[in-house]
Amino acid sequence: MQLVRQGDPRAFETVYDRHGGAAFSLAYRMVGNRVVAEDVVQEAFLSIWRSRLRYESERGSVRSWVLGIVHHRTIDALRRNLTHDRRRTSAEGLEERQEAPERTDVEAARREEARSVRAALETLPDQQTKVIELAYFGGFTHTQIAEMLDMPIGTVKGRMRLGLEKLRRELSGRVGELAV
């Protein structure tokens, strides 16, 4: 990373060779589309090159830094696509032309539950959120997460357990609030 910080393109190529596969895997599992995942990884590595002076080895491994950037870029891409789809759907007036089965009571409850889960996730420390998102939204195993984040598997399992316990407490409190 010292050479990358100095602007050495061969050193950056090495970083890409070592972490590009895991970066693509993470993006692909999150978006489910090869082309979008490739675009996200390309954007992420451009961002990494531009922000190479910001890497601090004391804060974590190169792999976790790279995957963190890819994770955030993927979420940005998902949000952009969702916003674009909503605008297009709204502009076409599909809501008025088609019957809307998603507006049923069951769908409304599901959406409210999803909002509650997202809000509860935001209350967790970043490290716990990351392992939970990789496991539940990314579909990675504890072993894969440990490798991706360059940390012991026991640390991954511990963060997962603590995060899930906090989520359980947070969500049980929200259910009580919603019932009242």
Side-chain angles (χ1 to χ4, degrees), residues 1 4-5 12 14-83 110-175:
M1 277 308 291
V4 171
R5 288 178 70 118
F12 183 72
T14 301
V15 170
Y16 179 82
D17 289 344
R18 287 184 185 166
H19 306 292
F24 175 78
S25 179
L26 173 61
Y28 182 75
R29 286 180 186 256
M30 289 178 72
V31 297
N33 179 305
R34 184 174 192 79
V35 173
V36 174
E38 288 170 351
D39 289 345
V40 165
V41 171
Q42 182 178 4
E43 268 183 49
F45 274 92
L46 282 171
S47 173
I48 289 165
W49 178 255
R50 290 181 188 127
S51 64
R52 64 189 180 271
L53 298 176
R54 293 188 196 149
Y55 172 71
E56 298 173 21
S57 60
E58 312 83 51
R59 297 185 69 198
S61 70
V62 174
R63 188 178 207 72
S64 61
W65 182 63
V66 167
L67 293 178
I69 291 171
V70 170
H71 178 258
H72 290 292
R73 290 291 176 157
T74 306
I75 289 172
D76 291 345
L78 288 168
R79 287 180 182 149
R80 273 193 312 269
N81 289 341
L82 182 62
T83 301
R110 189 194 63 75
R111 288 183 182 182
E112 182 58 38
E113 184 177 89
R115 274 192 287 276
S116 294
V117 170
R118 280 192 300 275
L121 274 170
E122 289 175 6
T123 67
L124 297 179
D126 288 340
Q127 295 171 337
Q128 291 172 6
T129 302
K130 187 174 285 187
V131 296
I132 289 172
E133 287 176 340
L134 287 171
Y136 290 94
F137 301 124
F140 292 101
T141 65
H142 290 124
T143 305
Q144 290 170 322
I145 295 169
E147 184 180 301
M148 289 167 68
L149 301 179
D150 195 30
M151 65 177 60
I153 192 166
T155 303
V156 170
K157 289 180 177 182
R159 288 180 180 168
M160 181 83 65
R161 183 180 47 78
L162 289 172
L164 290 174
E165 286 174 5
K166 289 177 185 176
L167 279 177
R168 190 175 300 116
R169 282 194 307 270
E170 182 73 24
L171 289 171
S172 67
R174 289 176 190 267
V175 169

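Please read these numbers as outputs of a predicted model, since none were measured by experiment.
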Any donor-acceptor N/O pair, [X] side chain to [Y] backbone, under 3.5 Å:
X	Y	result
Gln144	Thr141	yes
Arg52	Trp49	yes
Ser47	Glu43	no

Next on the checklist: Test: side chain to side chain donor-acceptor pair (under 3.5 Å). Region: residues 62-71. Which pairs qualify, not counting sequence neighbours?
Outcome noted: His19-Arg63, Ser61-Ser64, His71-Glu133

What's the shortest heavy-atom distance between [X] and [Y], and which atoms?
X	Y	value
Lys130	Gly68	NZ-CA, 3.7 Å
Val70	Val40	O-CG1, 4.1 Å
Leu171	Ser116	CD2-O, 3.6 Å
Ala146	Pro152	CB-C, 4.2 Å

Any chance [atom1] of [X] has more than 12 other-residue heavy atoms, nucleotides or ligands included, within less than 6.0 Å?
X	atom1	result
Phe24	CZ	yes
Asp126	CG	no
Arg5	CZ	yes

List the atom pairs, donor and acceptor, that lie under 3.5 Å between side-chain atoms in residues 153-167 and the rest of the protein, sequence neighbours left out.
| residue | atom | partner | partner atom | Å |
| --- | --- | --- | --- | --- |
| Arg159 | NH2 | Gln127 | OE1 | 3.3 |
| Lys166 | NZ | Gln128 | OE1 | 3.4 |

Rounded to the nearest 0.5 Å, what separates atom [atom1] in [X] from atom [atom2] in [Y]?
X	Y	atom1	atom2	answer
Phe12	Tyr16	CZ	OH	9.0 Å
Ile69	Phe45	CD1	CZ	9.0 Å
Leu26	Leu67	CG	CG	6.0 Å

Next on the checklist: Applying side chain to side chain contact (heavy atoms under 4.5 Å, CB included) to Arg73 and Val41, what does each step give before you reach the verdict?
Outcome noted: CA-CA 8 Å; Arg73 290 291 176 157; Val41 171; over 6 Å; no

Next on the checklist: What verdict does the side chain to side chain contact (heavy atoms under 4.5 Å, CB included) test give for Leu134 and Leu149, after you've listed the backbone C-alpha separation in whole Å, the side-chain angles of each residue and the deciding distance to 0.1 Å?
Outcome noted: CA-CA 10 Å; Leu134 287 171; Leu149 301 179; 4.0 Å; yes

